[in-house]
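By convention in this document, chain letters (A, B, ...) are assigned in the order of the sequence lines, proteins followed by strands, and residues within each chain are numbered from 1. A quick note: this is a predicted structure, and the numbers were derived from the prediction, not measured.
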Number of protein chains: 2
Amino acid sequence: MDIGERKKRILKAIVENYVETAEPVGSKAICVNLGLSSATIRNEMAELTQMGLLEQPHTSAGRIPSAKGYRIYVNDLMNRQRLSLEETMEINRALNLRIQQLDTLIQRAGTLLSELTSYPAYALTQGKKNNVINRFDFIYVDRFTVIVVLMLDGDDVRNRLMHFPGGLDETFVRKLSTVFNAAFTGITAEDIDETLILSCERACMDNTGVVAAIAGFAISVLDESSPNHAFLSGASHILNHPEYRNPDRAQRLLNYLTGSDMLLRLPDPDEVGKEPKIIIGPENVSKELSDSSVVVASYELGSEMRGIIGVVGPTRMDYGRVAAHLSYIARELRRLFIGSDLPPPPPNLEEGKPRKE
Amino acid sequence: MDIGERKKRILKAIVENYVETAEPVGSKAICVNLGLSSATIRNEMAELTQMGLLEQPHTSAGRIPSAKGYRIYVNDLMNRQRLSLEETMEINRALNLRIQQLDTLIQRAGTLLSELTSYPAYALTQGKKNNVINRFDFIYVDRFTVIVVLMLDGDDVRNRLMHFPGGLDETFVRKLSTVFNAAFTGITAEDIDETLILSCERACMDNTGVVAAIAGFAISVLDESSPNHAFLSGASHILNHPEYRNPDRAQRLLNYLTGSDMLLRLPDPDEVGKEPKIIIGPENVSKELSDSSVVVASYELGSEMRGIIGVVGPTRMDYGRVAAHLSYIARELRRLFIGSDLPPPPPNLEEGKPRKE
DNA sequence: GGTTAGCACTCGCACGGCAAGAGTGCTAAC
DNA sequence: GTTAGCACTCTTGCCGTGCGAGTGCTAACC
């Protein structure tokens, strides 16, 4: 859409004024900044309204930007903001704490994003599907107890302590190790069936269900090893914004955000670039968000984990500010991961050597 | 406090009417049910007000129960409610799904409680502090990679895959195993200090930091092994209740409930019995809850995990109904745990043998 | 003496009218 | 093309009013 230079300046002024005040913007409010009389602005406003970039709540009120107006603002008019030194310092400080779990890091990033922007933030982790078993190890604890250690693709390691009231001896456990490593490595959940388990039982000469129990553990690990989590932070922030002073509207959004199927509705990391993507009001696919906006970016932590992180707020959102924060946090996540002296493939979500700090 | 029989009946009627309608209760509203004239009720009401069991928002309004009034209602007057068959069935259905993680089970119980009562529910898990190491095992993967498996008290097992770019051979790993099992078992986080690590390094003849890295892992496991989690469900339910239609008040409670220090402020399971404990308005220690009530019970899942589960809502809460639900869910959690054919000490949060279903 | 009918009184609340203020669209002059 | 001026519209806050719910008190009643 090609609109004149002056119209752009007016639209920009209206958006920024409205974002700040949450009140419809009248012609007088912006005429001083633009060096034009209010009448001129009114004429332009009328045209911008005709073009669908502005809306008028009622005849004698000022204008507010439409979704289309925001879109043009975001695409062409918005100043790319940079964070102040203090802000970047704050982010660094909050994220650089010794983090044990990648999950926790992401959750903290979400909380931080929410605190900095005063909007609810969500962070989605999408664990890599390490659905291939690389090796089995069995630790013989005592006659009734064995620890089964399963190594998966992506250097993920899982264990389970298992009790077998029937008792078993070390020779049998060694046998188990041989058999399972031969039969169960390089396979996926679908490959494990009755036949495979039966053949293992025969190979181990087991009729006590030990083999079946271990196979069950393997299946459950393969099944659960796409640990998608969604973290929501600062949901109550929406109550600060006048558009959600209406409790019903606030509740609708809150319900949507905390709904159990949230995970399914979040965009796929593939669809979201590393740079913040801004989705304005009706551009959202889910109608519950049709009067809210979303700013979202994807992150990737090595081969281990990826996901998206973003904020949700009213369409009247300070997109520039939010995008700047989000962009910085996403970049920082990446840097933290690559820049840390983690060994390249991070062992089981934690670092292998103490980190220098 | 000894109040007359008739006053009790009146108080009970007022509480129940108020819980239902959320409106101050006038003398006429309850006179038919009690078979007394409104004037008589008025006289009694005046006395109950004098005694501090009722309150009057303003002169020409009805009465609402005071915190003291609720307390007497809860202690003496409330009918113990039982759940309907459908309700118990619903609970059973929701909880009996195949649960992999105890954490998930508790979280689901919280969500269920929230859905059934229409109040926010929180569930706190307080993992047993297994802060003693029982044994070390080392699995030699390749020249640069070792999996360290740590067995803790309470049959908890942790592992970590570690990369050592310097490389190490199998003999050295066996040495590590001997040394660590000798020096590091039966100790707590405080026992691990520079001296201990140095002596291990000497014993292993290690100057590459491998020993230090493994000790670091041990410390981090000991530190983090009190996995307390707090789950909050259905927070947005509060917006349904007229007392929280005021967004500021709603936000205050929401902020409190989602605040990061929530864990610290929840009562200790020891202080809470298995039967629902009802804490009314100002009886709450934290002033943020002074106009809200809490109904809470503790649960215990074997030696593995315990915690509390409860709901938060306005003082005008249907205590009988909430207590009935909470009581049933807490009992069901216990039954699920004991009744399942988990081996008595459940191995690492999961079952050791496939469960019959 | 406890209970009840009656009545005056209080107070919150919803309603309607009114004035003020903000903002517009249009016209005419620059 | 720009701007000053003006009539018009519409919201908002305010005030007074009437209504209704509910009370407290008194006097009669059982």
Checklist outcome for this item: Writing each nucleotide of DNA chain C 5' to 3' as (, ), [, ], | or . by Watson-Crick or G-U pairing under 3.5 Å yields ||||||||||||||||||||||||||||||
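A/His58 has its NE2 atom 10 Å from the P atom of C/dG23, to the nearest Å. Following rounding to the nearest Å, A/Leu34 (CG) and D/dT3 (P) show an atom-to-atom distance of 11 Å. Between the P atom of D/dA4 and the CG atom of A/Leu36 lies a distance of 11 Å, rounded to the nearest Å. Between A/Glu47 atom CD and D/dG1 atom C1' the separation is 12 Å, expressed in whole Å. To the nearest angstrom, P of C/dG1 lies 17 Å from CD of B/Glu44.
When side chains are defined from C-beta on, B/Tyr244 counts as touching B/Ser292, because their heavy atoms get closer than 4.5 Å. Put simply, the side chain of B/Leu53 reaches to within 4.5 Å of the side chain of B/Ile3, judged on heavy atoms.
The salt bridge (Lys or Arg N to Asp or Glu O under 4.0 Å) check on B/Glu23 picks up nothing, with sequence neighbours excluded.
Relative ring orientation between A/Tyr70 and A/Tyr319 is described as perpendicular, the plane-to-plane angle rising above 60° on a 0-90° scale split at 30° and 60°.
At least one side-chain nitrogen or oxygen of A/Thr40 sits closer than 4.0 Å to the OP1 or OP2 atom of D/dT3.
Here the straight-line distance linking atom CG of A/Leu254 with atom CZ of A/Arg249 works out to 12.5 Å at 0.5 Å rounding.
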Next on the checklist: Working note: B/Arg63 + B/Thr49, criterion side-chain hydrogen bond (donor to acceptor under 3.5 Å, both in side chains); need CA distance, chi angles, decisive distance, verdict.
Outcome noted: CA-CA 8 Å; B/Arg63 304 299 211 285; B/Thr49 308; 2.8 Å; yes
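Within a 6.0 Å radius of CZ in A/Arg245, other residues, nucleotides and ligands contribute more than 12 heavy atoms.
Judged by distance alone, the side chain of A/Ser118 and the main-chain N or O of A/Ser114 form no donor-acceptor pair under 3.5 Å.
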Checklist outcome for this item: Protein heavy-atom contacts under 4.0 Å, written 5' to 3' over nucleotides 20-30 of chain D as B (base), S (sugar-phosphate only) or - (none), form the string -BSBBB-----
